[in-house]
Amino acid sequence: MARIPNLIAKSMTNHKLAEFAEKMSISDDQLSQLNEFRDVLIGNRDEFRKKFYQFFFDIPDAKTILEHVAKLDVLHNSWDYWFDSLFRTDIDAAYLEFIWGIGKRHMELNVEQRFTSLGFFLIRQFFREQIDEKIPPDKRGEISETIDKLLDLNLFVMTAAYIETTIHCDIEVIKGVEDKIRNPVTVIGGNIMRLKRDASRPDYEKVLFESLIEQNKKLERIMLDIKKYTQLFEEEPNWTTFPVKELINLVLEKLRKENGLENITIDINTAPGIPFVKGDKKQIENVFYAVLLNAAEAIDARDPYIRISTCQEKSALHNMEIEIFNTGTPPKKEDIDKLFSPFYSTKVMGTGFGLPFARLAVKKNYGKITLAPAPEKGTLVTITLPLPD
Ligand code: HEM
């Protein structure tokens with residue numbers, strides 16, 4: 001029996017997964033027998049990869065992922081590596097971790113599980129053809145069985161990883177709700193008790209009422225942000241093509257009207273020749289709003305400066321890269337992940353939804369967003385968005 005070490009249960013906090021893999025009982029003998037036919041079965045791998053790629057390229061949603069999210073060579077290498085790693089002599093924890101990582105990566109990049117399932121359908125078909133053509137008849141049954149078990153195991157682990165990563169994100173949000181609501185609710189509750197106790201002191205009451213109103217406003221804002229976030233979660237992007245510079249100017253105008261950019265010098269350098277991006281205009285407007293508001297709030301008051309620049313992404317020419325730099329204390333490396341988690345805020349009345357909202361919207365539009373300390377003492381947010389077809 002191939003070993004499934006306990007490590008897998010620990011690292012994935014999922015005993016069921018380890019048990020399932022154990023129950024599939026892929027024996028060492030079966031693995032070695034399959035390994036003998038490695039070269040024949042893998043012979044047409046490159047041809048299959050091309051067909052696989054083309055198949056998904058013909059599906060509009062999948063095409064957007066393939067064109068804009070992935071780097072072609074990275075993707076090809078990843079798929080080849082996975083293909084080769086099917087032929088092995090042992091199923092160990094590292095292998096299961098590797099498959100788990102694929103499900104997680106797919107989830108991060110919005111590669112829906114339905115595409116992966118469809119992919120496995122194609123892979124099974126490919127192996128069936130190869131076995132019929134190239135494996136001696138007396139060995140076909142066993143080789144088919146081993147391949148089927150291996151593909152089942154792969155699909156199962158990837159699906160489990162995809163689901164668990166999704167649930168983990170939801171749980172983080174729910175934990176955040178509890179955490180953020182606890183404070184205002186405690187303040188409101190405590191003040192009501194005090195008012196009840198001390199009803200005869202009107203001046204004292206005024207202070208308490210103001211505090212109650214303020215906390216209540218905070219709760220209202222949290223609820224509104226949760227609503228917007230969940231709406232965005234469910235909403236499908238309304239794809240259009242629009243000029244980035246105009247949208248940025250619109251957002252800057254809005255922020256100026258709200259007095260959010262007072263005294264700040266703003267430079268905009270857009271790359272000539274690539275004025276447009278593809279996406280949901282309203283969602284992207286909200287992204288720029290959240291990022292620019294964040295930049296303005298974090299700015300160094302002695303040197304209030306924001307620089308916005310665009311260029312073609314060097315590693316994936318189908319994307320535009322938009323950089324937003326602001327002066328101010330750069331974020332600590334260990335805080336960067338937290339900044340993208342809902343409810344994390346360093347501001348007293350902040351709900352902590354700006355950057356999580358931006359990240360979700362960018363992901364839905366097949367883009368990426370990163371935040372990093374800038375070399376010139378400040379913060380650099382980089383957003384990539386698909387260029388039009
Ligand atoms: C069905 C079987 C599939 C297998 C076995 C598979 C395997 C892999 C592997 C091994 C990686 C690298 C994971 C890592 O970096 O840790 C990966 C990444 C990725 N896969 Fe898949 N994949 C499958 C289906 C698909 C499909 C159908 C799509 C899209 C339509 C897709 C899109 C991607 C993308 C965009 C990445 C990220 C590449 C990057 O990091 O730039 N995959 N996949």
Side-chain angles (χ1 to χ4, degrees), residues 8 11-12 21 24 26 34 38 41-42 44-88 91-130 146-166 168 313-319 321 362-370 382 384-387 389:
I8 183 83
S11 66
M12 290 168 195
M24 298 201 86
I26 308 168
L34 180 66
R38 181 182 193 281
L41 286 171
I42 229 163
N44 286 350
R45 182 193 70 182
D46 292 355
E47 205 182 301
F48 171 69
R49 192 205 328 103
K50 278 186 206 139
K51 277 196 199 153
F52 189 82
Y53 188 88
Q54 193 55 48
F55 178 90
F56 285 103
F57 204 79
D58 291 339
I59 303 175
D61 281 356
K63 179 182 175 201
T64 311
I65 295 172
L66 292 172
E67 267 192 333
H68 300 289
V69 176
K71 289 171 200 139
L72 198 57
D73 54 337
V74 174
L75 195 59
H76 281 180
N77 288 342
S78 301
W79 284 349
D80 285 355
Y81 184 75
W82 171 81
F83 217 95
D84 295 352
S85 66
L86 271 181
F87 299 88
R88 53 182 41 258
I91 294 191
D92 56 8
Y95 181 58
L96 292 173
E97 287 274 11
F98 163 62
I99 310 172
W100 182 270
I102 304 172
K104 196 166 163 240
R105 183 90 182 117
H106 282 170
M107 153 68 195
E108 282 163 0
L109 295 178
N110 240 359
V111 180
E112 292 170 39
Q113 196 53 24
R114 68 189 163 115
F115 292 145
T116 308
S117 305
L118 200 54
F120 274 97
F121 166 75
L122 299 180
I123 296 165
R124 264 180 228 279
Q125 243 180 3
F126 166 76
F127 276 121
R128 220 161 277 148
E129 283 161 17
Q130 300 304 303
T146 311
I147 292 266
D148 270 343
K149 280 184 180 178
L150 277 172
L151 296 182
D152 283 343
L153 178 66
N154 268 267
L155 183 55
F156 173 77
V157 176
M158 278 184 213
T159 310
Y162 190 93
I163 293 172
E164 197 170 301
T165 316
T166 313
H168 179 76
E313 195 185 8
K314 281 165 208 77
S315 51
L317 296 178
H318 291 291
N319 293 330
E321 201 169 84
V362 165
K363 187 175 166 193
K364 286 213 142 207
N365 284 269
Y366 297 116
K368 283 168 273 173
I369 178 165
T370 57
T382 308
T384 59
L385 291 172
L387 290 169
D389 296 325

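Note that the structure is a prediction, hence the values are computed from the model and not measured. Note: hydrogens, waters and symmetry copies are ignored here, and every other heavy atom, side chains too, is used. Start at 1 and go down the list; that is how both ligands and their atoms are numbered.
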Checklist entry - Is Leu122 close to Phe56 at the side-chain level, that is, under 4.5 Å between some pair of heavy atoms? => result yes

Checklist entry - Salt bridge or not for Asp46 and Arg49, using N-O below 4.0 Å? => result yes

Let me have the donor-acceptor pairs involving side chains of residues 101-109, under 3.5 Å, with sequence neighbours excluded, atom names and distances please.
unit_1 : atom_1 : unit_2 : atom_2 : d
Arg105 : NH1    : Glu108 : OE1    : 3.4
His106 : ND1    : Thr116 : OG1    : 3.4

Checklist outcome for this item: Listing protein N, O or S under 2.8 Å around atom 21 (Fe) of ligand 1 gives His106 NE2

Item to check | Set of ring-ring contact (aromatic ring centres under 6.0 Å, His included) partners for Phe57, sequence neighbours left out | outcome: Tyr53

Checklist entry - For atom 4 (C) of ligand 1, what's the nearest protein heavy atom and its distance? => result Met158 CE, 4.1 Å

Checklist entry - Looking at atom 30 (C) of ligand 1, what's its closest protein heavy atom, distance included? => result Ala62 CB, 3.9 Å

Item to check | Polar side-chain atom of Arg88 near backbone of Ser85 as donor-acceptor pair, under 3.5 Å | outcome: yes

Item to check | Glu47 side chain reached by Lys51 side chain, heavy atoms, under 4.5 Å | outcome: yes

Next on the checklist: Taking 4.0 angstrom as the limit and counting only heavy atoms of Ile65, give me the atoms of ligand 1 inside it, by number and element.
Outcome noted: 35 (C)

Item to check | Side-chain donor or acceptor of Asn110 paired with backbone N/O of Lys363 under 3.5 Å | outcome: yes

Next on the checklist: Restricting to ring-ring contact (aromatic ring centres under 6.0 Å, His included), what partner residues turn up for Phe126, sequence neighbours left out?
Outcome noted: Phe48, Phe83

Next on the checklist: To check your reading of the model: name the closest protein heavy atom to atom 37 (C) of ligand 1, its residue, and the distance in Å.
Outcome noted: Leu109 CD1, 3.2 Å

Checklist outcome for this item: Note: ligand 1 atoms sitting under 4.0 Å from heavy atoms of Val74 are 39 (C), 40 (O), 41 (O)

